[in-house]
**Q** 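Once you've had a glance at the structure underneath, I'll fire off some questions.
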Amino acid sequence: NAGVTQTPKFQVLKTGQSMTLQCAQDMNHNSMYWYRQDPGMGLRLIYYSASEGTTDKGEVPNGYNVSRLNKREFSLRLESAAPSQTSVYFCASSEVRDTQYFGPGTRLTVL
Amino acid sequence: QQQVKQSPQSLIVQKGGIPIINCAYENTAFDYFPWYQQFPGKGPALLIAIRPDVSEKKEGRFTISFNKSAKQFSLHIMDSQPGDSATYFCAASMAGFQKLVFGTGTRLLVSP
């Protein structure tokens with residue numbers, strides 16, 4: 001089992017460019033999450049999907065969109081990147097709330 | 001009310017010491033309190049968790065102490081080792097919600 005995989009690992013964008021961060025899990029989990037991690041801010045929830053076909057906003061959804069493509073895949077899209085979106089992005093999945101399994105992260109820099 | 005406040009922001013201890021990381025919450029509906037450990041360049045991973053029906057839980061060298069009346073919980077690492085150097089996050093959640101609310105993290109350095 002690969003667990004939770006994320007692509008790409010690193011990305012540099014210019015202000016205004018768009019990109020999609022990909023996430024996939026092979027644990028047959030119903031719930032998937034996108035977080036951003038910034039120094040001193042901890043992990044902040046951007047969007048989550050409690051089950052296939054549903055998505056909900058988290059704490060910091062502005063500037064992002066998500067798609068739950070199927071049970072395995074949950075993508076995060078930045079339509080017009082801004083320097084404030086420079087961060088490390090983590091995808092996670094869970095079957096029950098007790099344990100979330102995190103991917104290795106995507107380090108994004110917006111110039 | 002959805003916040004979990006974590007302290008300290010960073011901590012340095014010598015090998016064998018007992019670092020203590022504290023978290024506090026306001027929402028009494030929280031009923032599950034996990035701790036996640038994150039090594040540099042990796043995603044966080046569940047370390048240990050507690051529910052409010054017990055005051056303490058131990059797993060190896062890691063102990064969670066829980067004070068329901070004070071709405072506080074803490075992580076203790078006994079006989080700390082350099083390999084314990086990582087960032088630690090406390091979190092909380094409530095029944096019926098899949099979301100976790102994370103603290104801001106504590107960067108722990110255990111010196112040899």
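Chain naming here is simple, since letters A, B, ... match the order of the sequence lines and numbering starts at 1 in each.
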**Q** Checking A/Leu45 against chain B: side chain, backbone, both or neither under 4.5 Å from a heavy atom?
**A**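 Side chain only.
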
**Q** Would you kindly confirm whether B/Val4 and B/Tyr32 end up in one hydrophobic cluster when ILVMFWY residues are joined by side chain heavy atoms under 4.5 Å apart?
**A**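 Looking at the clustering, B/Tyr32 is in a separate group from B/Val4.
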
**Q** For B/Ala95, is it the side chain, the backbone, both or neither that has a heavy atom under 4.5 Å from a heavy atom of chain A?
**A**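 Contact with chain A involves both backbone and side-chain atoms of B/Ala95.
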
**Q** Please classify the contact between A/Gln100 and chain B as side chain, backbone, both or neither, with a heavy-atom cut-off of under 4.5 Å.
**A**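 Both parts, backbone and side chain.
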
**Q** Could you check whether A/Arg68 pairs with A/Glu73 (Lys NZ or Arg NE/NH1/NH2 to Asp/Glu carboxylate O, under 4.0 Å)?
**A**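 Answer for the salt bridge query: no.
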
**Q** Do the charged groups of A/Asp38 and A/Arg44 touch, with an N to O distance under 4.0 Å?
**A**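 Yes.
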
**Q** Heavy-atom distance under 4.5 Å to chain A: side chain of B/Arg107, backbone, both or neither?
**A**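 For B/Arg107, neither part sits under 4.5 Å from chain A.
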
**Q** Between B/Trp35 and B/Phe73, does the ring centroid distance fall short of 6.0 Å?
**A**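 Between B/Phe73 and B/Trp35, which both carry aromatic rings, the centre distance is below 6.0 Å.
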
**Q** Any carboxylate oxygen within less than 4.0 angstrom of a Lys/Arg side-chain nitrogen, looking at B/Arg61 and B/Asp84?
**A**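 Salt bridge between B/Arg61 and B/Asp84, a charged N being under 4.0 Å from a carboxylate O: yes.
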
**Q** Could you tell me which portion of A/Thr99 (side chain, backbone, both or neither) has an atom closer than 4.5 angstrom to a non-hydrogen atom of chain B?
**A**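 Both parts, heavy atoms under 4.5 Å.
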
**Q** Report the option among B/Ser93, B/Gly105, B/Pro44, B/Gly43 that has the most heavy-atom pairs separated by less than 4.5 Å from atoms of chain A.
**A**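 Heavy-atom pair counts peak at B/Pro44.
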
**Q** If I measure from the heavy atoms of chain A, does B/Gln6 come under 4.5 Å with its side chain, its backbone, both, or neither?
**A**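 Neither part.
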
**Q** For this output row, return yes or no: ring centroids of A/Tyr89 and A/Tyr35 closer than 6.0 angstrom.
**A**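 A/Tyr89 vs A/Tyr35: aromatic centres not under 6.0 Å.
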
